[in-house]
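Working notes, beginning with the structure itself.
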Amino acid sequence: MTLPENFLWGGATAANQVEGGVLEGGRGLSNIDLLPVGSDRAAIASGQLEHLQWDEKHYYPAREAIDMYHHYKEDIKLFAEMGFKVYRMSISWTRIFPNGDDAVPNQAGLDFYREIFEELRKYNIEPLVTLAHFDVPVSLIKRYGGWRSRRLVEAYVRYAETVMTAFKGLVRYWLTFNEINILIHSPFVGGGLIFKEGDSKKQLIYQAAHHQLVASSLVTKLAHAVDPDNKIGCMLAGGMHYPYACRPEDYKQAIDSDRENYFFIDVQARGYYPNYAKKMFEREGIALAMEDDDLEHLKETVDFVSFSYYSSRTVSGFEEDYETTTGNLFRSIKNPHLQSTEWGWQIDPLGLRNALNQLYDRYQKPLFIVENGLGAKDKPDREGYVADDYRIDYMRQHILAFKDAVAIDGVDLLGYTSWGCIDLIAASTGQMSKRYGFIYVDKDDEGKGSLKRTKKKSFDWYKKVIASNGEEL
Ligand code: BG6
């Protein structure tokens, strides 16, 4: 058998993309609830346009999402039927602390997640919990400007301590921040940052990054103190950069672009700021405000490195007129050797093996693929059934690639949770029609539909994959 017997197969979601019920159970508003569908979405996500309350003009898909708030028992039952060993989900910070830093936690929120974890335990499914998946309480943005403020460190650590203590024994795997490098590309989504005239954008982004890195290290230490069985991971929006051609300038650009992303993980997995970052701060005039013990705190490193993988990226050292493409919030030169999805994300299964090798060489820590999958337009038949052979094919190729990384290259891989195991709201566009799931959810881009769940063809396929530990693909 190629993969270890205890390999963690499963699926992944995030609270804001599935739960809905945003004002139920005493929950407060989060940054991500305020992202509408349509042309303003990008400007809000990047922190260029302040938009801190709902209005009539826009449609906000997170308000209902797929209403897992009321369907979680049915959904977890389906995950169990596929044989999930692990389910990656996130806790919504504002369900626990509606304003981010309230004097006492919201009991209804704690009860809700306890019920989910107990339901998972019923089926022997291990939860893998992201503490912050694009999730900053709006109240903290209004009062302090989000992660630009040091105050967020204290609030986040208290939130983490509350849930880790409450769910001790029920949850062992934790991720501190989803795709922490997204802060650079989408500062409002990653850090609740909104830029005002005269702000130095880079200074603010790296100051917020410093706060998140310190918070992450404090929570790593705390997690081990709360329960020595806890395992803490960092989380990267992964996918390495290829040089467009074999010109040395292109290769140098690939190294520089990789570093921009690895900066965060370099700190979380190695415990200190890398020299290239210190030099960049000097060059760019970035001065980080630090407290005395910060560098000491950063020495607390994570137990494992997790990442999302949808695509590789391509860069060049020259400003030429290349055709570009999008992909998970990063612009990239279009790689002529790869096919693309309907959303222009380029498909590169071998790139997953390359990424695993690069990360393992760099960090020598166990790795975890916590997101991967194909966003596609599904066409259900009259009964609502989708024959999604394209999704099966995509996943088969990616699974083969990570099996090679384990079997041939010797990478230490803990598990694989495919993204959007049940159809959910897309993070980049807010669309429902960009579907990733093994389970179809009847809902459209305008929010209409019965929310009925139907198994797709990939449901039975993935069940077989898990049952055979990846041997039958
Ligand atoms: C990652 C996020 O960026 O990619 C997820 O962690 C997101 O939240 C996923 O949904 C896929 O992106 P999209 O835009 O297709 O939903």
Taking the six-membered ring for Trp and the full ring for Phe, Tyr or His, determine whether the centres of F177 and W147 are under 6.0 Å apart. yes
Salt bridge or not for D256 and K252, using N-O below 4.0 Å? yes
Side chains of R259 and M280, heavy atoms from C-beta outward: is any pair under 4.5 Å? no
Atom OH of Y309 and atom CG of L367: how far apart are they, to the nearest 0.5 Å? 14.5 Å
Main-chain N/O of R435 paired with R391 side-chain donor or acceptor, under 3.5 Å: yes
If we ignore angles and hydrogens, is there a donor and acceptor under 3.5 Å between the side chains of S312 and Q346? no
Can you name the ring pair (Phe, Tyr, Trp, His ring centres under 6.0 Å) partners of H133, sequence neighbours left out? W419
How about W9 and M82: do any of their side-chain heavy atoms sit closer than 4.5 Å? no
With no hydrogens and no angle check, is any side-chain donor or acceptor of D266 less than 3.5 Å from a backbone partner on P274? no
Only one of F7, F307, F368 passes ring pair (Phe, Tyr, Trp, His ring centres under 6.0 Å) with F402; say which it is. F7
Output yes when a side-chain donor or acceptor of D381 lies under 3.5 Å from a complementary backbone atom of Y385, and no otherwise. yes
Rounded distance (nearest 0.5 Å) linking atom CD1 of I392 with atom OG of S458: 5.5 Å
Shortest non-hydrogen contact from G375 to Y436? N-CE2, 3.2 Å
In terms of relative ring orientation, are F79 and Y87 parallel, tilted or perpendicular, with 30° and 60° separating the classes? tilted
Is the shortest heavy-atom distance from the side chain of F134 to the side chain of N178 under 4.5 Å? yes
Donor-acceptor check, side chain of S216 to backbone of Q212, threshold 3.5 angstrom: yes or no? no
Please check if any side-chain donor atom of H211 sits under 3.5 Å from a side-chain acceptor atom of Y156, or the reverse. no
If you measure from CZ on R453 to CG on D442, what distance do you get to the nearest 0.5 Å? 10.0 Å
Check step by step if side-chain contact (heavy atoms from CB on, under 4.5 Å) holds for D33 and Y60. CA-CA 7 Å; D33 303 331; Y60 302 90; over 6 Å; no
So which heavy atom on V370 is nearest to which on R88, and how close? O-NH1, 3.4 Å
Could you walk me through whether I232 and D303 pass the side-chain contact (heavy atoms from CB on, under 4.5 Å) test, one step at a time? CA-CA 5 Å; I232 314 299; D303 301 312; 3.9 Å; yes
Between Q17 and T13, is there a side-chain donor-acceptor contact under 3.5 Å, judged purely by atom types and distance? no
Min side-chain heavy-atom separation D388-Y394 under 4.5 Å: no
Is a donor from one side chain sitting under 3.5 angstrom from an acceptor on the other, for T454 and E383? no
Using a strict 4.0 Å threshold on nitrogen-to-oxygen distance, state whether R172 and D229 make a salt bridge. no
Which heavy atom of G430 sits nearest a heavy atom of P61, and at what distance? O-CG, 3.6 Å
If you take all heavy atoms of N357 and A405, which pair is closest and at what distance? ND2-CB, 4.4 Å
For atom CD of E320, decide whether the heavy atoms of other residues, nucleotides or ligands shown that lie under 6.0 angstrom number more than 12. yes
Here the gap from F188 atom CZ to S46 atom OG, rounded to the nearest 0.5 Å, amounts to 10.5 Å
Is there a side-chain contact between Y159 and I91 (heavy atoms, below 4.5 Å)? yes
Side-chain ion pair, K455 and D460, N-O less than 4.0 Å: no
Give the minimum heavy-atom separation between D250 and S316, together with the two atoms involved. OD1-OG, 3.0 Å
Test item: D445 side-chain N/O and S433 main-chain N/O as donor-acceptor pair under 3.5 Å: yes
So that I can tick it off, tell me whether K443 and D67 are bridged by a salt bridge, with the cut-off set at under 4.0 angstrom between side-chain N and carboxylate O. no
Does any part of the side chain of S308, heavy atoms only, come nearer than 4.5 Å to the side chain of E179, both counted from C-beta? yes
Test item: D444 side-chain N/O and E446 main-chain N/O as donor-acceptor pair under 3.5 Å: yes
Ignoring hydrogens and geometry, is there a side-chain-to-backbone donor-acceptor pair from R114 to A166 under 3.5 Å? yes
Atom pair NZ/OH of K201 and Y206 - distance to nearest 0.5 Å: 11.5 Å
Tell me whether Y273 at atom OH has more than 12 heavy atoms from other residues, nucleotides or ligands lying less than 6.0 Å away. yes
Any side-chain donor near an acceptor of the partner, D348 and S311, under 3.5 Å: no
Roughly how far, to the nearest 0.5 Å, is the OG1 atom of T220 from the CG atom of L298? 10.0 Å
With side-chain contact (heavy atoms from CB on, under 4.5 Å) as the criterion, how do R313 and N261 come out once you've worked through the C-alpha distance, each side chain's angles and the decisive distance to 0.1 Å? CA-CA 12 Å; R313 304 175 184 113; N261 284 332; 3.7 Å; yes
If you look at every heavy atom in N230 and A223, which pair is closest and at what distance? ND2-O, 3.0 Å
Going by atom types alone, do K365 and T301 pair a side-chain donor with an acceptor below 3.5 Å? yes
Are any non-hydrogen side-chain atoms of K457 and D389 less than 4.5 angstrom apart? yes
Donor-acceptor contact below 3.5 Å, side chain E342 vs main chain K377: yes
Could you verify whether a donor N or O on one side chain and an acceptor N or O on the other, from S92 and R27, lie under 3.5 Å apart? yes
Decide whether D409 and Y360 meet the rule of one side-chain donor and one side-chain acceptor closer than 3.5 Å. no
Before giving the answer on side-chain hydrogen bond (donor to acceptor under 3.5 Å, both in side chains), spell out for E81 and Y123 the whole-Å C-alpha distance, their side-chain angles and the decisive distance to 0.1 Å. CA-CA 9 Å; E81 207 188 309; Y123 299 107; over 6 Å; no
May I ask you to check whether T429 and R41 show a side-chain donor-acceptor distance below 3.5 Å? no
Whether K231 side chain and F304 backbone form a donor-acceptor pair below 3.5 Å: no
Could you check whether any side-chain heavy atom of Y173 comes within less than 4.5 Å of a side-chain heavy atom of V86, counting everything from C-beta outward? no
Can you label the angle between the Y363 ring and the Y262 ring as parallel, tilted or perpendicular, going by 30° and 60°? perpendicular
Check: F112 ring centre within less than 6.0 Å of Y72 ring centre: yes
For V305 and R362, run side-chain contact (heavy atoms from CB on, under 4.5 Å): C-alpha distance rounded to whole Å, both residues' side-chain angles, the deciding distance at 0.1 Å, then the answer. CA-CA 11 Å; V305 172; R362 198 169 178 114; over 6 Å; no
Exam field: side chain E471 to backbone T2, donor-acceptor pair closer than 3.5 Å: yes
Applying salt bridge (charged side-chain N to carboxylate O under 4.0 Å, His left out) to E74 and K77, what does each step give before you reach the verdict? CA-CA 5 Å; E74 176 188 350; K77 192 162 181 252; over 6 Å; no
